[in-house]
Amino acid sequence: MARRRVIVQGENSNKSEKGERNAQPKNRSNMKRTRNVLDNNIQAENSRIVLDTEPPKDTPTNASGHVMKVTSDDQDALWAVVSESVPSESKITGARFEGPSIAIYTKNPRFSLTELTMHLSSLSKSLKKRIVVRTDPSIRISEDEARIRISKLLPKDVLLSAIFCDDATGEIILELNRPKIVDPDMVVNIAESTGWIAHTRQSPHIPSNSITLIHSMLKNSAKERTAFYQRVGTRIFRKPLMTISAAVKSIDTGRNVSSFTNEYGLPDKGGDSSPPNQIVSTNSTNQRTPPISPYSSTSKHEVMLYCLGGVKQVGRSCFIVVTPESKIMLDCGINPGEDIALNAYPRLDWFTFNLNDLDAVIISHAHIDHQGFLPTLYKYGYKGPVYCTEPTLPLMTLLQMDSIKIANNNGTYLPFEARDVNEVIKRCITLPYGKPTDISPDITVTLNNAGHIMGSATVHLNVSGAHNILYSGDYKYARTQLLDNALSIYPRVETLITESTYGNSTDVMPEQSLVYKGFTESINDTLRGGGKVLIPVPAVGRAQEIMLVIDREMKEGRLLESPIYIEGMISEASAIHMSYAHYLGYNVRKSVAEGINPFQSEYFTIVNGTRKREDIFNDENPSIIMATSGMLEGGPSVEYFKEIAPDEKNKIIFVSYQINGTLGRRVIDGVMNEISMMDKNGKMKVIPVKCTTQKIDGFSGHSDFNQILSFVSRVKPKRVLVNHGEKSKSENIASTIYHKLKIRSGVPDVREIIRLR
């Protein structure tokens, strides 16, 4: 959710943001100054009102020369410290650990959101914990009454399209056509008038069903979530379990551990004084059960990485970071191109542990190959938090619910149900970019822009200040029409886990101007011949990118005017993009700030229902069709494929990566001239593939070969692990990084354990 932030004395500015800022030339152009001002305004209008004052983990003392040791094992001590540190005018009624923060409840929101901030800044530094101000439930008025009072506070030309009160947090979400009108002063006025702390979102052009579902689930589970946040806070801020790595030893007896070695690097000896291990790598192809190992260590800062999926393949991304104190899962996806469960899902069967041993799950972005297995964790007993960026929650909810719909329509197996998706919603804690957040006693996470899709994040883990892991997820190290490029400035990264989707040396994207020109000419050739163009697109990311490009090319006269039909989840996903427009690229944010909806056009026709689809099939005039899914694995694109493929006049243009095993990959590889598919009457029908097919490189949200190398060289890690790519591409990237950049690198196997420290 979009938040409004009040920074107290600039205490907790993110180091990575400082590095990015300091890296810019001092003599900036007027254009860059204007852009920075606009970016700051848009960020301010959507950020969060918290006392964002947690100091870095290496801050040793407070003003008195010591850090107060307050843990969740002693709630009374927390209340004593808070009550002694704040003036009586604040009317503080309670203080407790909630999620990754200390929540302080007040009956005087005006004082607590203004004058009290100085006191809480000092207290946050002393406790080394983040503090968030909440209003006491007794002063909060009803949602209907709040709407009336807030409407009176807003200018007459500001439209309040939706409102949502979250009883678990005391926050009220306002969807406005001009969110920036709610400045910090108005936030204070709203809190004083209603008892709710306001956050804003941009009103979308159509209501989002996913956001509506999320609000409904949050409202109905307010009491449950209040207890959940307290349990999470108790777990995060608990006393250390132990001071040596006996935890890892006891849990992982029988596990075989690989040090960081392979043909591209040297054995890892960094930072651990423990005796050398007997190195025997696990092998996913010939080991059925976890092997026995004499592994042991006495390092209290030990860091282990368990590879459960997403290595030497694209799909089912899943890693677990294990320390003596914590277990953190990074992504939990599926491989849509695999039918066998052992190859399609993360290998949780191999990592034999109780799901509630996990402290947290972190989702880098909403695509199915990174989060599609997440609801299954809750189905089989996981009850902990999942962390992701604010727009990722509605986007992954949209895709999870669509997976259920497709599975039901096709009669295929899916390992979760709608109620499991609801559990994800109730236990999701969303974070903005650039906000260091404690998620366990020894791990702090910071999410930053990855440039892949809206809300996609690189995941930076700081482990006790001793080891820093950067998990890239999927990232784009170049600006696109939709997004800014991935953040690459970090003060310290010992281990980088990078994707390698386009890891071949020949995987170099052409210049954007050439991409747009080739795309436009390809469509024009088919339209001139009287044919139809089908563009299968992922609903999230590529669909919005293609909409922006097609609309611009047609408006500027380069693309022949023709109907553009849009079907599937594209409209719903675009509505979510509008709600979280502050996560989009500079040009799109600028358009939204000027009152322009970039996802609406006079050329677009939204298709709802099969009757309209039949009209398109029966219309002999040329047209452009955008439909989900992007890999022809379910969704309306498959139905259009059945009609488009048999006619030589037509064309299918692929603009996104096609995973091995998917219908899209088989079509684009030209390995089949005909395909047996079910028709609308439920009978098998042979579909001849006579149309032209073409893949347009350059629209991908993944970094190409050169961009991956540029990103790695900019991050400057001490070592690199390569994942999320076909085996040959991952190995090529790893070899190139080692030989050209002189950085240790390697490609792990599924079911391999790597000692990072």
Side-chain angles (χ1 to χ4, degrees), residues 310-317 331 333 335-337 363-371 392 395 448-459 470-488 496-512 515 519 536-546 549 585 629-631 654-660 662 664-665 668 695-715 720-734 736-737 747:
V311 290
K312 296 182 179 178
Q313 63 180 161
V314 176
R316 66 162 175 175
S317 292
D331 280 343
N335 189 336
I363 299 298
S364 65
H365 66 283
H367 279 157
I368 287 293
D369 58 327
H370 290 260
Q371 56 82 15
T392 294
L395 289 175
N448 284 302
N449 176 39
H452 175 62
I453 63 172
M454 184 181 70
S456 61
T458 58
V459 181
L470 181 63
Y471 172 63
S472 75
D474 294 348
Y475 65 98
K476 180 73 168 182
Y477 198 47
R479 178 174 295 177
T480 65
Q481 289 288 309
L482 192 66
L483 299 168
D484 293 331
N485 59 284
L487 181 75
S488 60
L496 168 64
I497 306 172
T498 181
E499 68 139 309
S500 57
T501 310
Y502 291 102
N504 276 345
S505 304
T506 56
D507 289 338
V508 178
M509 304 295 176
E511 292 289 334
Q512 278 195 344
V515 174
F519 178 64
V537 285
V540 178
R542 300 291 68 74
Q544 289 70 38
E545 179 90 7
I546 297 300
V549 172
S629 72
M631 299 183 194
F654 294 92
V655 294
S656 61
Y657 186 80
Q658 305 295 306
I659 292 178
N660 272 332
T662 61
R665 183 62 173 262
I668 203 170
K695 186 177 187 307
I696 302 289
D697 292 320
F699 286 115
S700 175
H702 297 275
S703 296
D704 69 9
F705 178 80
N706 290 335
Q707 290 162 359
I708 293 173
L709 294 183
S710 296
F711 181 80
V712 174
S713 64
R714 192 69 180 272
V715 172
V720 177
L721 289 173
V722 183
N723 81 116
H724 199 284
E726 296 167 15
K727 180 180 177 181
S728 61
K729 297 188 177 187
S730 295
E731 290 176 344
N732 184 63
I733 279 288
T736 305
I737 289 171
V747 184

Inset, instruction - Using side-chain contact (heavy atoms from CB on, under 4.5 Å) as the criterion, list what pairs up with Leu483, not counting sequence neighbours. - result: Thr480, Leu584
Inset, instruction - Output the distance between atom NZ (Lys312) and atom NZ (Lys727), rounded to the nearest 0.5 Å. - result: 5.0 Å
Inset, instruction - Could you grab the distance from atom NE2 of His452 to atom OG of Ser364, nearest 0.5 Å is fine? - result: 8.0 Å
Inset, instruction - Not counting sequence neighbours, which residues clear salt bridge (charged side-chain N to carboxylate O under 4.0 Å, His left out) with Glu545? List them please. - result: none
Inset, instruction - Please report the closest heavy-atom contact between Leu395 and Ala366, naming both atoms and the distance. - result: CB-CB, 3.6 Å
Inset, instruction - Return yes if some donor-acceptor pair links the side-chain N/O of Lys476 with the main-chain N/O of His702 below 3.5 Å, else return no. - result: yes
Inset, instruction - Decide yes or no for Ile363 and Asp331: does some side-chain heavy atom of the first lie under 4.5 Å from some side-chain heavy atom of the second? - result: yes
Legend entry - Euclidean distance, Ser713 OG relative to Ile708 CD1, rounded to 0.5 Å: 12.0 Å
Legend entry - pair Arg542-Ile453: side-chain heavy atoms closer than 4.5 Å: yes
Legend entry - Donor on one side chain, acceptor on other, His370 and Asp474, under 3.5 Å: yes
Inset, instruction - Go through the structure and list residues passing side-chain hydrogen bond (donor to acceptor under 3.5 Å, both in side chains) with Ser500, not counting sequence neighbours. - result: Ser730
Legend entry - Rounded distance [0.5 Å steps], CE in Met631 versus OG1 in Thr662: 6.0 Å
Legend entry - Set of residues satisfying side-chain hydrogen bond (donor to acceptor under 3.5 Å, both in side chains) with respect to Arg316, sequence neighbours excluded: Gln313
Inset, instruction - Locate the shortest heavy-atom distance separating Met509 from Asp704; write the atom from each residue and the value. - result: N-OD2, 2.8 Å
Legend entry - For Lys695, all residues meeting salt bridge (charged side-chain N to carboxylate O under 4.0 Å, His left out), sequence neighbours excluded: Asp697
Legend entry - Nearest heavy atoms of Thr392 and Gly455, plus distance in Å: OG1-O, 3.3 Å
Inset, instruction - With sequence neighbours left out, write down each residue that passes side-chain hydrogen bond (donor to acceptor under 3.5 Å, both in side chains) with Tyr502, or none if nothing qualifies. - result: none
Legend entry - Which residues share a side-chain contact (heavy atoms from CB on, under 4.5 Å) with Ser505, sequence neighbours left out: Phe705, Asn732
Inset, instruction - Report the residues that fulfil side-chain hydrogen bond (donor to acceptor under 3.5 Å, both in side chains) with Asp369, sequence neighbours left out, ordered by chain and then residue number. - result: His724
Inset, instruction - Apply ring-ring contact (aromatic ring centres under 6.0 Å, His included) to Phe654 and list each qualifying residue two or more places apart in sequence or on a separate chain. - result: none
Inset, instruction - Tell me yes or no: between the side chains of Glu499 and Thr501, is some donor less than 3.5 Å from an acceptor? - result: yes
Inset, instruction - Report the C-alpha separation of Val515 and Ile696 in whole Å, then their side-chain angles, then the decisive distance to 0.1 Å, and conclude whether the side-chain contact (heavy atoms from CB on, under 4.5 Å) test is met. - result: CA-CA 7 Å; Val515 174; Ile696 302 289; 4.1 Å; yes
Inset, instruction - Look only at the side chain of Glu731 and the backbone of Glu726, and say whether a donor-acceptor pair between them is shorter than 3.5 Å. - result: no
Legend entry - Nearest heavy-atom neighbours spanning Ser472 and Ala450: O-CB, 4.4 Å
Inset, instruction - Output all residues satisfying side-chain contact (heavy atoms from CB on, under 4.5 Å) with Val549, sequence neighbours left out; order by chain, then residue number. - result: Gln481, Tyr516, Phe519, Glu553, Phe699
Inset, instruction - Taking the side chain as every heavy atom from C-beta outward, state whether Val655 and Val537 have any pair of such atoms under 4.5 Å apart. - result: yes
Inset, instruction - Can you label the angle between the Tyr477 ring and the Phe711 ring as parallel, tilted or perpendicular, going by 30° and 60°? - result: perpendicular
Legend entry - Heavy-atom donor-acceptor pair, Ser317 side chain to Gly333 backbone, under 3.5 Å: no
Legend entry - For Asn723 against Val311, the heavy-atom pair lying closest together: CB-CG1, 3.8 Å
Inset, instruction - Apply salt bridge (charged side-chain N to carboxylate O under 4.0 Å, His left out) to Lys729 and list each qualifying residue two or more places apart in sequence or on a separate chain. - result: Asp507
Inset, instruction - Ignoring hydrogens and angles, tell me if any N or O in the side chain of Asn448 forms a donor-acceptor pair with the backbone of Ala486 under 3.5 Å. - result: no
Inset, instruction - Measure the CG-CD1 distance between Leu482 and Ile546 for me, rounded to the nearest 0.5 Å. - result: 10.5 Å
Legend entry - Inter-residue atom distance His365.NE2 - Met454.CE, 0.5 Å rounding: 12.5 Å
